[in-house]
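Presented below is the structure to which this report refers.
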Amino acid sequence: MKTVCIMCPKGCELEITENNGEINVSGNDCKIGLSYGKEEYVNPKRIVTALIKTKSGKIRPVKTINPVPKDKIFELLDLIKTAVIDGNLKQGDIAIKNALGLTDIILTN
Amino acid sequence: MKKNYDVIIIGGGPAGMAASLAANKRGAKVCLIERSDSLGGILKQCIHNGFGLHYFKEELTGPEYASRFIEEINKTDIEVVLNSMVVNITENKTVTYTNRTEGIKKIRGKAVILAMGCRERPAGAINLCGTRPAGIYTAGLAQYLSNIEGLLVGKRAVILGSGDIGLIMARRMVYSGAKVLGVLEIDKASGGLKRNIVQCLDDYGIPLMLSTTITKVVGKKRVEGVYYANVDENFKPKFETEKFLECDTVLLSVGLIPENDLLAGLNIEFDKITSAPKVDQNMQTSISGIFSCGNALHVNDLADNVSYEAETAGRAAAEYKENGVEPEKFNVTAGNGIKYCLPQKVFKDSKVKIFFRVKENIKNAAVKVVLNGAVLAMRKFLILVPGVIQSISFNSALLTGSVTVEIGVDE
């Protein structure tokens with residue numbers, strides 16, 4: 001599998017192959033790319049950033065603490081779309097705890 | 001009665017904020033002027049990840065990155081003036097700004113730092129053909145409407161330009177429930193980061209159409225669709241390839257222009273390629289005591305690098321002595337293959353880092369700093385692309401004349 005590592009702006013071109021259950025990653029410039037390559041092959045995940053409504057109708061940005069599987073992104077976005085949070089929460093506070101059993105979602109502003 | 005400061009900074013975005021802290025750290029009395037109602041600049045609307053990997057060694061969203069600086073500024077005596085628009089600067093560093101409470105105010109600084117950021121190139125500037133219905137936005141404006149105002153800018157979008165703003169907005173539009181039909185790029189390759197092609201386009205099956213542009217926008221009150229076509233080597237449409245795409249929104253991500261209108265009346269050396277003042281390694285312009293940094297100086301790729309650059313400007317502005325003697329400065333010229341270099345002037349000192357962009361993709365390049373035929377420094381690159389600013393350092397203590405930065409093939 002050929003892909004580009006997304007963990008930093010460098011964008012190393014990775015080649016990921018599997019041999020007898022062992023995953024080999026090449027093209028990475030660091031350890032982070034190595035683990036990204038392995039994860040991407042087995043279970044591609046992404047940090048999701050989105051917008052959430054407060055009770056007053058204002059919107060605030062949020063992000064997932066952990067990356068979520070790609071095929072769960074839209075389900076997560078739907079969950080965030082229907083949520084309404086307390087406007088007194090501060091940057092860094094948890095907006096949604098344990099969303100889809102996968103990750104906390106925190107306010108980024 | 002004019003109020004005096006050591007350093008006046010115009011713009012409270014990433015550049016202005018980092019510069020203010022660096023100047024303040026050196027004991028300067030700083031005034032930071034910002035036109036909007038809070039500090040942070042463009043970072044406030046960049047709710048995506050990717051900031052701070054270098055500067056803070058962690059991945060942050062734009063607002064989180066901005067908050068780190070805002071928290072530090074709040075601990076200092078930096079005077080932050082919000083909701084205020086600077087309307088004039090003079091060569092003797094008198095800055096005029098206006099706001100609703102003070103009216104028109106003049107202040108004076110020993111040094112001034114220009115950190116105004118940049119504007120987006122609009123539809124008129126690219127001669128976008130067709131009508132001007134509602135639904136045509138520059139990508140950054142769409143980002144503001146989406147991420148700050150919470151509005152859905154459209155339901156079926158075509159994005160013109162594959163720079164990072166266009167790519168990031170492609171994903172944001174998908175997340176807001178819109179269909180993104182494609183990202184059209186007039187060039188043979190995208191200028192955006194490769195990671196953004198993956199995480200913004202590939203992840204969502206959005207096609208990237210290279211060597212393609214919009215030939216006409218159709219629609220009376222609202223965008224109804226666009227005609228688009230492939231282009232030739234001169235970026236001229238090949239009309240025989242023209243097709244129609246039904247959509248209600250067009251996002252334009254066709255370039256950023258440093259916002260240097262304030263300098264129009266000044267006798268300042270300008271670089272036509274960067275659309276910004278020429279500076280030396282201290283970020284000082286040709287007007288003694290006026291410095292520039294961030295996107296107002298050249299369009300940057302990463303906020304982290306803006307912060308480093310702004311620190312240099314802040315430091316130098318704080319240390320600046322009025323009526324001091326400026327050292328002799330030599331030109332740094334962009335040689336073959338190089339679009340621009342920065343700083344454009346260097347004085348004898350120690351190690352100097354020259355930032356540059358190349359004109360075209362090039363593999364296995366050896367970039368050299370050359371003085372009268374002698375190579376002062378050389379750096380090898382596996383690949384150089386126009387979308388990524390690179391650097392080469394050399395020892396300026398060896399300077400006796402102008403240097404050229406040029407690309408040679410790595411032998």
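Note that the structure is a prediction, hence the values are computed from the model and not measured. So you know, we letter chains A, B, ... as the sequences are listed, proteins then strands, and number each from 1.
- Heavy atoms closer than 4.5 Å to chain B are found in the side chain of I106(A), but not in its backbone.
- T3(A) and E40(A) form no side-chain donor-acceptor contact under 3.5 Å, judged by distance and modelled atom types alone.
- Most heavy-atom pairs under 4.5 Å with chain A, from the set D301(B), D202(B), I148(B): that is I148(B).
- Note: Y204(B) and Y175(B) meet the aromatic proximity criterion, with ring centroids under 6.0 Å apart.
- Between R379(B) and S393(B), the side chains place no donor N or O within less than 3.5 Å of an acceptor N or O (distance only, hydrogens not considered).
- Around CD1 of I383(B), the count of heavy atoms belonging to other residues, nucleotides or ligands within 6.0 Å exceeds 12.
- Between F69(B) and Y55(B), the ring centre distance stays below 6.0 Å.
- For S146(B), the parts sitting under 4.5 Å from any heavy atom of chain A are the backbone and the side chain alike.
- Between chain A and the options L193(B), T61(B), L53(B), heavy-atom pairs under 4.5 Å are most frequent for T61(B).
- The minimum heavy-atom distance between L76(A) and A99(A), with the atom names listed, is CD1-CB, 3.8 Å.
- For chain A, the nearby part of L302(B) is the side chain; its heavy atoms alone come within less than 4.5 Å.
- Heavy atoms closer than 4.5 Å to chain B are found nowhere in K53(A), neither backbone nor side chain.
- Ion pairing of R68(B) with E58(B) is present here, as a side-chain N (NZ or NE/NH1/NH2) and a carboxylate O approach within less than 4.0 Å.
- Heavy-atom distances place no part of I80(A) under 4.5 Å from chain B, backbone and side chain included.
- With a 4.5 angstrom heavy-atom cutoff, Y65(B) does not touch chain A via any of its atoms.
- For V388(B), no part lies near chain A; criterion is any non-hydrogen pair under 4.5 Å.
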